[in-house]
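Per chain, numbering begins at 1; letters A, B, ... match sequence-line order.
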There are 2 protein chains.
Amino acid sequence: MEPIADKKKAIFESTLELVREKGFHGTPMSLVAKRAGVAAGTIYHYFESKQDLIIELFYYIRDQIIAVLKSEDAASVPYHKCFFRIWYGLYEYYSQNPNVLMFFEQFVNSPYNTCVNEANRSEFHKYLFGFFERGIREGHLKPLSPKILGTLAHANIISTVKMYSAGHLVLEEGELKQIPQILWDGMRAQSVACKV
Amino acid sequence: MEPIADKKKAIFESTLELVREKGFHGTPMSLVAKRAGVAAGTIYHYFESKQDLIIELFYYIRDQIIAVLKSEDAASVPYHKCFFRIWYGLYEYYSQNPNVLMFFEQFVNSPYNTCVNEANRSEFHKYLFGFFERGIREGHLKPLSPKILGTLAHANIISTVKMYSAGHLVLEEGELKQIPQILWDGMRAQSVACKV
DNA sequence: ACTAGTGTATTGAACATTCATTCGGTTTGC
DNA sequence: GCAAACCGAATGAATGTTCAATACACTAGT
């Protein structure tokens, strides 16, 4: 994987910022160009069209998120610990990259999402679901579909970050620790004695 | 609250469909008009601008969702039961109105969301958080902020519906029952004996 | 070392199109 | 007969994209 050309990266970052500020429809190519410090025509040297730019950008950040996932997952670490490490890892990443989160959320809820073929979209899911598949297999988690557990976990993280960045969340000491705990308590294999 | 004029409702429904199909930026007023069976100018009789239309539409569906919430919440029903009733109620509503869900998600992740003042946005939250406040007060739920529990619960419902409507979820018998159960197990006040 | 040559990167003004909005006129309901 | 509802072609601004021209990087030949 060769390093991304400077200008290409600048165009990505510029688009990320603008989409957060103004949405897809309020982000003209002329502004993308200006903020990236390039000419309008240059964008079309790297990308076929606006749609192409946005889809490529989606892949670009998808790979970053996968990297976070990989860095926090380790078969040598106890599963329970990995679970929390991944939770915090993604939480940190999204918190520190709010542009990414907003773009991501706008993207997956927009018709662009259907432009991405299944294989590419689920590259991220492959890793996420794999982790939960392991948890089920090893008996740490309730025996549901890994897809379900993975999706619910991710939604949990994302909505926590959104609360935080919207300023709705007073991060009282320990409150941040209890959120992944809710998730864990809900998903972990219940001992029979606990049935209410 | 007087009943909404036929044309106005037609414009709302048309916009809902189109936003799902093509996103905000791919939804021209001319198409909204055509699909609603009205002239372009008529839209401007009911709404000041496109932005106004979209924000009004947001209120329109917000009120529908509040209605679902109210219809499933009843102080006379045991809390635990209400919890599941609300979960299924919203699940059903979003499942049967996928346009609403898509619009809602696009809206809250877009800059339009910042056009809505806090009081209006949180009209829905008022009811949702109120329900969780009660659960905490009565000792059914973990003593976290109602905002946190409410937001996590809603995210849980929404991502379940999205999984379903994306076709990723094989609704094996009982699998749908386990998802709110995960939520409940995570949020309910843990009896001390259960600590692992 | 110098030149000519070749392909890539970059520019930004110009173009064609799209789209939100307007407005003068027409219909409808009372 | 009047006001509100409605129409839809016209308008003007905004925007994605193109393209002819320029700058740059690199090689090969002398």
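- Residue Y44(B) places its side chain closer to dT21(C) than to any other of dC7(D), dT17(D), dT21(C).
- Distances shown here put a side-chain N or O of T42(B) below 4.0 Å from the OP1 or OP2 atom of dC7(D).
- Regarding L18(A), its CG atom lies at a distance of 17 Å from the P atom of dA14(D), rounded to whole Å.
- For dT10(C), neither phosphate oxygen OP1 nor OP2 lies less than 4.0 angstrom from any side-chain nitrogen or oxygen of H45(A).
- With dT10(C), dT11(C), dG16(D) as the candidates, the nucleotide lying closest to the side chain of Y46(A) is dT10(C).
- An OP1 or OP2 oxygen of dA14(D) is reached within less than 4.0 angstrom by no side-chain nitrogen or oxygen of K22(A).
- Ranking dT17(D), dC6(D), dT11(C) by closeness to the A39(A) side chain, first place goes to dT11(C).
- Checked by atom type and distance alone, the side chain of Y79(B) pairs as donor or acceptor with a backbone atom of F131(B) at under 3.5 Å.
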*List the steps, then state whether side chain to side chain donor-acceptor pair (under 3.5 Å) holds for E56(A) with Y46(A).*
CA-CA 10 Å; E56(A) 289 292 324; Y46(A) 292 102; over 6 Å; no
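- Counting to the nearest Å, the C1' atom of dT8(C) and the NZ atom of K8(A) are 15 Å from each other.
- If you take CZ of F24(B) and C1' of dC19(C), they are 17 Å apart, rounded to a whole angstrom.
- I43(A) has its CD1 atom 14 Å from the C1' atom of dT18(D), to the nearest Å.
- Nearest heavy-atom pair across N113(A) and F107(A) is CB-O, 3.6 Å.
- Atom CE in M29(B) sits about 12 Å away from atom C1' in dT22(C), given to the nearest Å.
- Taking the six-membered ring where the residue is Trp, Y94(B) and H154(B) present tilted rings, their angle falling between 30° and 60°.
- Checking the phosphate oxygens (OP1, OP2) of dT21(C), no side-chain nitrogen or oxygen of K50(B) falls inside 4.0 Å.
- In this entry the distance linking CG of D6(B) with P of dC6(D) reads 9 Å, nearest Å.
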